[in-house]
Amino acid sequence: MRMGIVTGSVWATRKAECLQRQTFLTVDIGEGNIVASDQVGAGVGDRVLVVLGRTAAQYCMEAPVDAAIVAILDKKEGA
Amino acid sequence: MRMGIVTGSVWATRKAECLQRQTFLTVDIGEGNIVASDQVGAGVGDRVLVVLGRTAAQYCMEAPVDAAIVAILDKKEGA
Amino acid sequence: MRMGIVTGSVWATRKAECLQRQTFLTVDIGEGNIVASDQVGAGVGDRVLVVLGRTAAQYCMEAPVDAAIVAILDKKEGA
Amino acid sequence: MRMGIVTGSVWATRKAECLQRQTFLTVDIGEGNIVASDQVGAGVGDRVLVVLGRTAAQYCMEAPVDAAIVAILDKKEGA
Amino acid sequence: MRMGIVTGSVWATRKAECLQRQTFLTVDIGEGNIVASDQVGAGVGDRVLVVLGRTAAQYCMEAPVDAAIVAILDKKEGA
């Protein structure tokens, strides 16, 4: 998974039907912003854990997504 | 998912049979152009959301694609 | 998918049994050469469309490949 | 797989239910830190083998993870 | 797939049970060393073909691996 900071959100009027119930947030994962489906109620500025790829879709009830926020991080020990 | 700008389209006379019904657009996702199957009727200049990987194929009825446009973005708040 | 130029081919005497019927071409996708299974009869110099990842394997009858050439491009409009 | 060094751990009070039993460690795989589910009892400083992608989720009983530590390396011969 | 040169091997006493029968080699694929499961009896210095991702796991009888050596290359024509 990747650690990142929530930087904003995106709106789309025209989108795939199956995306209607998804909330999309932009997350800076260190190599630019990606868009992830929020599964934990994260907000701008939160430090989050993002799962990427096919697993994200399975976690989001097979919605066509490839990134999902699965945790809000409290703290990190070490580097 | 990645945000990108639709930059053009591609034509192929010789292609896999199962790709006949797919419309392919080129999308600049910040690290060069990729080719994505359009699922929402996007056009050149549109700011779109692209899903990558295995999930894209599932969303495109198991066509051999690895990128699909799933939304046209209205606006983006934050960074 | 990625657009690329076919740059050559590879031979392997010792290979996985299930790869016997695959033709492998090297394709420059802008970030160096990858090796892709040819599914459309492409040749050196052709501009092709390459699908990456798990979907490529499914398209190649579950052979252990992660890249497949699925189309030869005629032209490209836009950037 | 990637070789990496365990650099720390992460805590998350708010997280996906199915992540409750996972231990997450940060691993430097040479291109920055990723977060991986520990499956072998690794500790900070250990040199480990990390499997990425969908396979990691399957190995972690379908938890929504995309990286798992599957071995602690003893030594490495060659480059 | 990626072409690479076998550069060494790795040992792990503590590892996932299902990895016991796998032989792991380090392969330089041009962007640093990765660790791949050897399926063809490759040795240090061999030029090999590596399949990445979920397909590698399927090819290795569902072991938790994300890279597998599937061929030893004889020669390469073209670039």
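Predicted model only: the values in this text are computed from it and were never measured. In the text below, chain A, chain B and the rest are named by the order of the sequence lines, each starting its count at 1.
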### Message
If we ignore hydrogens and angles and just use 3.5 Å, is the side chain of C:Arg14 paired with the main-chain N or O of E:Gly41 as donor and acceptor?
### Response
yes
### Query
Where do C:Lys15 and E:Val40 land on the side chain to side chain contact (heavy atoms under 4.5 Å, CB included) test, with the steps shown first?
CA-CA 6 Å; C:Lys15 60 182 165 185; E:Val40 290; 5.5 Å; no
### Task
Identify the residues of residues 51-58 of chain E whose heavy atoms come closer than 4.5 Å to a heavy atom of chain C, ordered by number, or report 'none'.
E:Val51, E:Leu52, E:Arg54, E:Thr55, E:Gln58
### Residue E:Ile29 versus chain C: region with a heavy atom under 4.5 Å
neither
### Message
With heavy-atom distances below 4.5 Å as the criterion, would you say the side chains of E:Arg2 and C:Ile34 are in contact?
### Response
yes
### Task
Please report the shortest heavy-atom distance between C:Ala12 and E:Ile72, naming the atom on each side.
CB-O, 3.3 Å
### Query
For the residue pair E:Val70 and C:Pro64, what are the closest heavy atoms and their distance?
CG1-CB, 4.2 Å
### Query
Side chains of E:Leu49 and C:Phe24: does their closest heavy-atom pair fall under 4.5 Å?
yes
### Task
Evaluate side chain to side chain contact (heavy atoms under 4.5 Å, CB included) for E:Met3 paired with C:Asn33, printing each intermediate quantity in order.
CA-CA 8 Å; E:Met3 290 173 286; C:Asn33 278 294; 4.2 Å; yes
### Query
Can you tell me how far the OH atom of E:Tyr59 sits from the CG atom of C:Leu19, to the nearest 0.5 Å?
6.5 Å
### Message
Does E:Gln20, at its CD atom, have more than 12 non-hydrogen atoms belonging to other residues, nucleotides or ligands within less than 6.0 Å?
### Response
yes
### Under 4.5 Å from any heavy atom of chain E - which part of C:Ala36
backbone
